[in-house]
Amino acid sequence: MRTSQYLLSTLKETPASAEVISHQLMLRAGLVRNVASGLYTWLPTGLKVLRKVENIVREEMERANAIEVLMPMVQPADLWEESGRLNDYGPELLRLNDRHHRAFVLGPTHEEVITKLVSNEINSYKQLPLNVFQIQTKFRDEIRPRFGVMRGREFLMKDAYSFHLSQECLQKTYDIMFDAYCRIFERLGLDYRPVIADTGSIGGAVSHEFHVLADSGEDDIAFSDESDFAANVEKAEALAPIGDRPAPNQTLSRIDTPNAKTIDAVSEFLKVDIKSTVKTLLVVGETDKGETAPIIALVLRGDHQLNEIKAENLAQIATPLTFASEEQILASVGCNAGSIGPVDMTILVIVDRSAAHLADFVCGANTDNVHFTGVNWDRDCSDYTVEDLRNVVEGDPSPCGKGKIVIKRGIEVGHIFQLGDKYAQAMKCGVLTEAGKNQILTMGCYGIGVSRIVAASIEQNHDKYGIKWPSAIAPFQVAIVPMNMAKSVRVKETAEKIYQQLQQAGIEVLFDDRKERPGVMFADHELIGTPCLLIIGERNLDNQEIEVKNRITGEKSLMAIDNIMSLFEK
RNA sequence: CGGUGAUUAGCGCAGCUUGGUAGCGCACUUGGUUUGGGUCCAAGGGGUCGCAGGUUCGAAUCCUGCAUCACCGACCA
């Protein structure tokens, strides 16, 4: 490719809207352009990278015996009605009507379509197990698109779905996919970790996320500092403190705490360590049919944060987690938020393991502007249950039993689930078994954020000059940078000759034939991140040499023109 | 969804307080100059100042509404 015939679209200045480095560099290097919030056009250079990522993913999926299909992005709402997700999915699901007023959705994922397909196409146990995948555009109407293609509304995803008659068979495919994912991220040259994850709205039991480690990541990952343990903070278990709860030392006393409505204000006012206080949150409980929803109290140590997913997963608590309104709070405990506490509570009280380990603590007295001090479980407050409710924090003991928790940021680039029969059941997807009986299938699903990987890779591979692509996904393997080609016939002839040779050898080469000064060319190629630059100038032609510069290491060396092709052999 | 801010040439911004001929840098075009790290000189092209109302002799500027974009928050007991 010659730059004169190409759409380079590099920018000197950073557009103001780009916040993270990958977004800035993707705009500056001419990889993408913003069309609307969360929607991007991929320019030629960006598309080359995207296709490379896509092909690595495709090769590894095929190696893992998954077979490729392509499903529509627009899906009938009926299918979503059938699985129950039309209601469950919420406003992230973009709904639309066609000219006949039939209801459709833009697919944020494809469980429904594929399950329907398999239920129609597969009839016998002999056809199983089956693992199909596609690489298709998804649309999720995100609350807040940001960081460029990292959290866009429209994005490219590889999604695979496997179908099985038994859990053992599902586990086998799950393990194969786990390994395939590791190979993919290794080939992509990413610093990644598989982590134990929550299954979220997709449903199911066992799940792992694959995260690329980067400070700009949106997820907190909890690691053990002594073992391989890694889990999404959402999922990491907070263990009960070791040892017995200390014995009560203080007597229960009521203290006026005017205007101290937050935990910080209370601990400041009473000059008490925040770790000796508890906070009480009121949430809506699960209802039996027709009843008004009960209000449930959740008690946490003052410095801890509620893990909404853990709370939501408790049977007594409504899904999705809903905090009690001001009216509900007043009606159920007789005071306003800011003075709630578990003492003499008439509603169900669920206490976090760490809060349950406190003695002589401070809590609200269920009277506005009054708190208790010297509170002790069982003595002052006996009707409660203990659960794991909080987020782990740095320094907690690791749930694996070895080491302490360290928290790092990660970008989620892959997620694999054992779905179970949720969709197969809803869509009546079964086959005849060897015994001639119909059996509902069990499923796995496996996603990779293809477009997000491009951004994640840049987050990990850049310097002050621009992107440093690993050669596996570089848009061009090599750039030819001739010095003053317009004036020097020798430079021009040499550059053209090498260009021909590289092209004939099938190597992706970008020939900078613009009439630009050297500095402009160097800056552009370093911004774009081509791994290898061939710099051709009068200076070295007397010795039949050109300069080879490695973008990743910065090393420069001289090389005989006749040997250039040896760089790309193998 | 809430809060904050922005919207003026392709990009980055000034002008608005105090209403009166729309500006700067980059990019682009032409000519010259320079040629191993974002040259220099000169001449040009490009904007219904986000949209719709209002005030005024006159609005980028003041007022109202709307739209879009961005950032922050959505953990509150």
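What you see below is based on every heavy atom in this structure, not just the backbone, and it leaves out hydrogens, waters and symmetry mates. Letters A, B, ... mirror the listed sequences (proteins, then strands); counts begin at 1.
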- Query: Now, which nucleotide makes the Watson-Crick or G-U wobble pair with B:rG19, with each of the two distances under 3.5 Å?
  - Reply: none
- Task: Could you please name the option among B:rU35, B:rA77, B:rC72 that lies closest to any side-chain atom of A:Ile340?
- Result: B:rA77
- Can you tell me, in whole Å, how much space there is between the P of B:rG19 and that of B:rU56? 15 Å
- Would you indicate what A:Leu281 reaches in the nucleic acid, counting non-hydrogen atoms under 4.0 angstrom: base, sugar-phosphate, or nothing? base
- Look at A:Glu526 together with A:Arg551 and state whether they make a salt bridge at an N to O cut-off of under 4.0 Å. no
- Task: Please work out if A:Gly364 contacts a base, only the sugar-phosphate, or nothing of the nucleic acid, heavy-atom cut-off 4.0 Å.
- Result: nothing
- For the pair made of CG in A:Asp368 and P in B:rA77, what is the distance, rounded to whole Å? 15 Å
- If you find the nucleotide of RNA chain B closest to A:Thr10 and the one closest to A:Val278, which residue's nucleotide is nearer the 5' end? A:Thr10
- Task: Report the distance from atom CZ of A:Phe147 to atom P of B:rC72, rounded to the nearest whole Å.
- Result: 6 Å
- Touch class at under 4.0 angstrom, heavy-atom based, for A:Ala16 against every strand present: sugar-phosphate
- Item | Gap in Å between the two C1' atoms, one belonging to B:rG12 and one to B:rG58, rounded | 32 Å
- Among the nucleotides B:rG37, B:rA77, B:rG38, which one has an atom lying closest to any side-chain atom of A:Ile329? B:rA77
- Task: Please state whether the phosphate of B:rA70, meaning OP1 or OP2, lies under 4.0 angstrom from any side-chain nitrogen or oxygen of A:Ser37.
- Result: yes
- Message: Regarding A:Ile263, tell me which of base, sugar-phosphate or nothing describes its non-hydrogen contacts under 4.0 Å with the strands shown.
- Response: sugar-phosphate
- Would you say the side-chain atoms of A:Asn563 pair up with the backbone N or O of A:Ser566, donor to acceptor, closer than 3.5 Å? no
- Item | Rounded P spacing from B:rC63 to B:rG45 in Å | 35 Å
- Do any side-chain nitrogens or oxygens of A:Arg517 fall under 4.0 Å of OP1 or OP2 in B:rU35? no
- Distance-only donor-acceptor test, A:Glu13 side-chain atoms vs B:rG25 base atoms, 3.5 Å: yes
- Task: Would you kindly give the CG-to-C1' distance between A:Asn484 and B:rU35, to the nearest whole Å?
- Result: 5 Å
- Message: Looking at B:rG2, which nucleotide sits across from it as a Watson-Crick or G-U wobble partner, both distances under 3.5 angstrom, or is there none?
- Response: B:rC72
- In Watson-Crick or G-U wobble terms, with both distances under 3.5 Å, the base opposite B:rA77 is none
- When both distances are under 3.5 Å in a Watson-Crick or G-U wobble arrangement, the nucleotide paired with B:rC66 is B:rG50
- Paired with B:rC40 by Watson-Crick or G-U wobble geometry, both distances under 3.5 Å: which nucleotide is it? B:rG32
- Would you mind telling me which residue lines up with the more 5' stretch of RNA chain B, A:Ser17 or A:Arg539, judged by nearest nucleotide? A:Arg539
- Message: Can you tell me if A:Lys12 touches the phosphate of B:rA27, counting only side-chain N or O atoms and a distance under 4.0 Å to OP1 or OP2?
- Response: yes
- Item | A:Glu142 CD - B:rC1 C1' separation (whole Å) | 15 Å
- Whole-Å distance separating the CG atom of A:Leu39 from the C1' atom of B:rA70: 15 Å
- Query: P atom, B:rC51 versus B:rG10: distance in rounded Å?
  - Reply: 13 Å
- B:rG37 C1' sits how many Å from A:Arg551 CZ, rounded? 13 Å
- Query: Nearest-Å distance, CD (A:Glu19) to P (B:rC69)?
  - Reply: 17 Å
- Message: Could you walk me through whether A:Tyr6 and A:Phe476 satisfy the ring-ring contact (aromatic ring centres under 6.0 Å, His included) test, starting with their C-alpha distance in whole Å, then the side-chain angles of each, then the deciding distance to 0.1 Å, before giving a yes or no?
- Response: CA-CA 13 Å; A:Tyr6 189 64; A:Phe476 299 98; 5.6 Å; yes
- Item | N/O donor-acceptor pair, side chain A:Asn540 with base B:rG36, under 3.5 angstrom | yes
- May I ask you to verify whether the side chain of A:Glu538 and the base of B:rG36 hold a donor-acceptor pair under 3.5 Å? no
- Task: Tell whether A:Lys549 reaches the base of B:rG37 with its side chain through a donor-acceptor pair below 3.5 angstrom.
- Result: yes
- Are the charged groups of A:Glu459 and A:Arg409 less than 4.0 angstrom apart, N to O? no
- Message: Using the C1' atom as the point on both nucleotides, what is the distance between B:rU18 and B:rA59, in whole Å?
- Response: 14 Å
- Short N-O contact, A:Glu496 and A:Lys492, less than 4.0 angstrom: yes
- When you compare B:rA22 with B:rG50, how far apart are their P atoms, in angstrom units rounded to a whole number? 15 Å
- Task: Determine, for A:Lys408 against A:Asp219, whether the closest basic-nitrogen to carboxylate-oxygen distance falls under 4.0 angstrom.
- Result: no
- Task: Could you tell me whether A:Asp273 atom CG has more than 12 heavy atoms of other residues or ligands within 6.0 Å of it?
- Result: yes
- Assign A:Asp524 to base, sugar-phosphate, or nothing according to its heavy-atom contacts below 4.0 angstrom with the strands shown. base
- Spacing of A:Glu526 atom CD relative to B:rG36 atom P, expressed in whole Å: 16 Å
- So does A:Arg490 pair up with A:Glu538, basic N to acidic O under 4.0 Å? yes
- Sugar-phosphate, base or nothing in reach of A:Asn391, heavy atoms under 4.0 Å: base
- According to the Watson-Crick and G-U wobble definitions, with both distances under 3.5 Å, which nucleotide is paired to B:rA14? none
- Find the partner of B:rG45: check Watson-Crick (N1-N3 plus N6-O4 or O6-N4) and G-U wobble (N1-O2, O6-N3) distances, both under 3.5 Å, and reply none if neither fits. none
- Task: Sticking with atom P, work out how far B:rA52 lies from B:rU39, rounded to a whole angstrom.
- Result: 42 Å
- Provide the Watson-Crick or G-U wobble partner of B:rA27, both distances under 3.5 Å; none if there is no partner. none
